[in-house]
Student: 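First the structure, then my questions, so here it is.
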Amino acid sequence: LVRLVESGGGSVQAGGSLRLSCQLPRDFYSSLGWFRRAPGKERERVAVISTAGAQTVYADSVKGRFTISRDAVDITLYLQMNNLEPDDTAMYYCAVAYGEKWPPGMADFDSWGQGTQVTVSS
């Protein structure tokens with residue numbers, strides 16, 4: 001297990017933007033991802049990125065609004081969230097996977113952060 005630290009959450013109005021960051025220890029990850037859990041709902045995959053070819057997969061609900069990226073030098077994972085909606089309100093988690101499966105599902109991720117809260121008001 002590795003220690004992941006998310007930051008960048010907060011409260012914004014609908015239409016606003018936030019950028020989440022996740023500090024990662026140096027290691028040989030295959031995939032990195034962002035997930036979220038809204039109140040009363042199951043955790044869902046938001047976006048994942050492969051470390052080899054920078055392939056990405058997004059949930060339909062965030063396509064065109066969210067962008068996942070990574071800084072290989074600083075070992076940081078980002079989630080740029082634009083045009084936020086009230087339905088985006090959730091606790092957001094970053095996670096890392098060592099396995100080769102692509103795209104990885106939630107069960108394929110090996111270590112998780114503690115989460116950062118995003119609240120979007122209408």
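Any value given below was found using the heavy atoms of this structure, including those in side chains, with hydrogens, waters and symmetry copies removed.
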Student: Check the angle between the aromatic planes of Phe35 and Phe109 and answer parallel, tilted or perpendicular using the 30° and 60° thresholds.
Tutor: perpendicular
Student: Indicate yes or no for a side-chain donor-acceptor contact from Thr116 to the backbone of Glu6 under 3.5 Å, with no hydrogens or angles considered.
Tutor: no
Student: How long is the straight-line distance from SG of Cys94 back to CG of Leu77, given to the nearest 0.5 Å?
Tutor: 6.5 Å
Student: Give, for atom OG of Ser69 and atom CZ of Arg19, the distance between the pair rounded to the nearest 0.5 Å.
Tutor: 7.0 Å
Student: To the closest 0.5 Å, what do you measure between CG (Leu20) and CZ (Phe66)?
Tutor: 8.0 Å
Student: Under the side chain to side chain contact (heavy atoms under 4.5 Å, CB included) rule, what do Ile49 and Arg70 come out as? Steps first, then yes or no, please.
Tutor: CA-CA 8 Å; Ile49 185 168; Arg70 57 186 283 263; 4.2 Å; yes
Student: Dump the intermediate steps for side chain to side chain contact (heavy atoms under 4.5 Å, CB included) on Trp102 and Ser30, then the final yes or no.
Tutor: CA-CA 9 Å; Trp102 181 261; Ser30 294; over 6 Å; no
Student: As an exercise, state the distance from CG of Asp88 to CG of Asn82, rounded to the nearest 0.5 Å.
Tutor: 11.0 Å
Student: Starting from the C-alpha separation in whole Å, work towards a yes-or-no answer on side chain to side chain contact (heavy atoms under 4.5 Å, CB included) for Gln117 and Thr89.
Tutor: CA-CA 8 Å; Gln117 179 67 39; Thr89 294; 4.1 Å; yes
Student: So which atom in Ile68 and which in Ala47 form the shortest heavy-atom distance, rounded to 0.1 Å?
Tutor: CD1-O, 3.6 Å
Student: Same cluster or not: Val12 versus Val62, using hydrophobic residues (I, L, V, M, F, W, Y) connected whenever any side-chain heavy atoms lie under 4.5 Å apart?
Tutor: yes
Student: Hey, could you give me the CZ/CZ distance between Arg36 and Arg45, rounded to the nearest 0.5 Å?
Tutor: 12.5 Å
Student: Give a yes or no on this: more than 12 heavy atoms of other residues, nucleotides or ligands lie within 6.0 Å of atom CD of Glu44.
Tutor: yes
Student: Please tell me if the side chains of Pro25 and Leu4 come closer than 4.5 Å, counting only heavy atoms from C-beta onward.
Tutor: yes
Student: A side-chain contact here means heavy atoms from C-beta on lying under 4.5 Å apart; do Val48 and Pro104 qualify?
Tutor: yes
Student: With heavy-atom distances below 4.5 Å as the criterion, would you say the side chains of Met81 and Val118 are in contact?
Tutor: yes
Student: Given Val96 and Asp27, is the side chain to side chain contact (heavy atoms under 4.5 Å, CB included) satisfied, shown in steps?
Tutor: CA-CA 10 Å; Val96 298; Asp27 207 339; over 6 Å; no
Student: Tell me the closest heavy-atom pair linking Arg26 and Ile75, and the distance in Å.
Tutor: NH1-CD1, 3.5 Å
Student: Would you say Val120 and Tyr58 are hydrophobically clustered, going by side-chain heavy atoms of ILVMFWY under 4.5 Å?
Tutor: yes
Student: If you look at every heavy atom in Asn83 and Arg65, which pair is closest and at what distance?
Tutor: O-NH1, 3.0 Å
Student: Sequence neighbours left out, what passes side-chain contact (heavy atoms from CB on, under 4.5 Å) with Arg37? Give chain and number order.
Tutor: Arg43, Tyr93
Student: What distance separates Thr119 OG1 from Gln13 CD, expressed to the nearest 0.5 Å?
Tutor: 13.0 Å
Student: Measure across Pro86 and Ala14 and return the closest heavy-atom pair with its distance rounded to 0.1 Å.
Tutor: CD-CB, 4.1 Å
Student: For Ser7, which residues count as a side-chain contact (heavy atoms from CB on, under 4.5 Å) partner, sequence neighbours excluded?
Tutor: Ser21
Student: Can you confirm whether or not the ring centre of Tyr98 sits under 6.0 Å from the ring centre of Tyr29?
Tutor: yes
Student: Can you get from Met91 to Trp112 by hopping between Ile, Leu, Val, Met, Phe, Trp and Tyr side chains that sit under 4.5 Å apart?
Tutor: yes
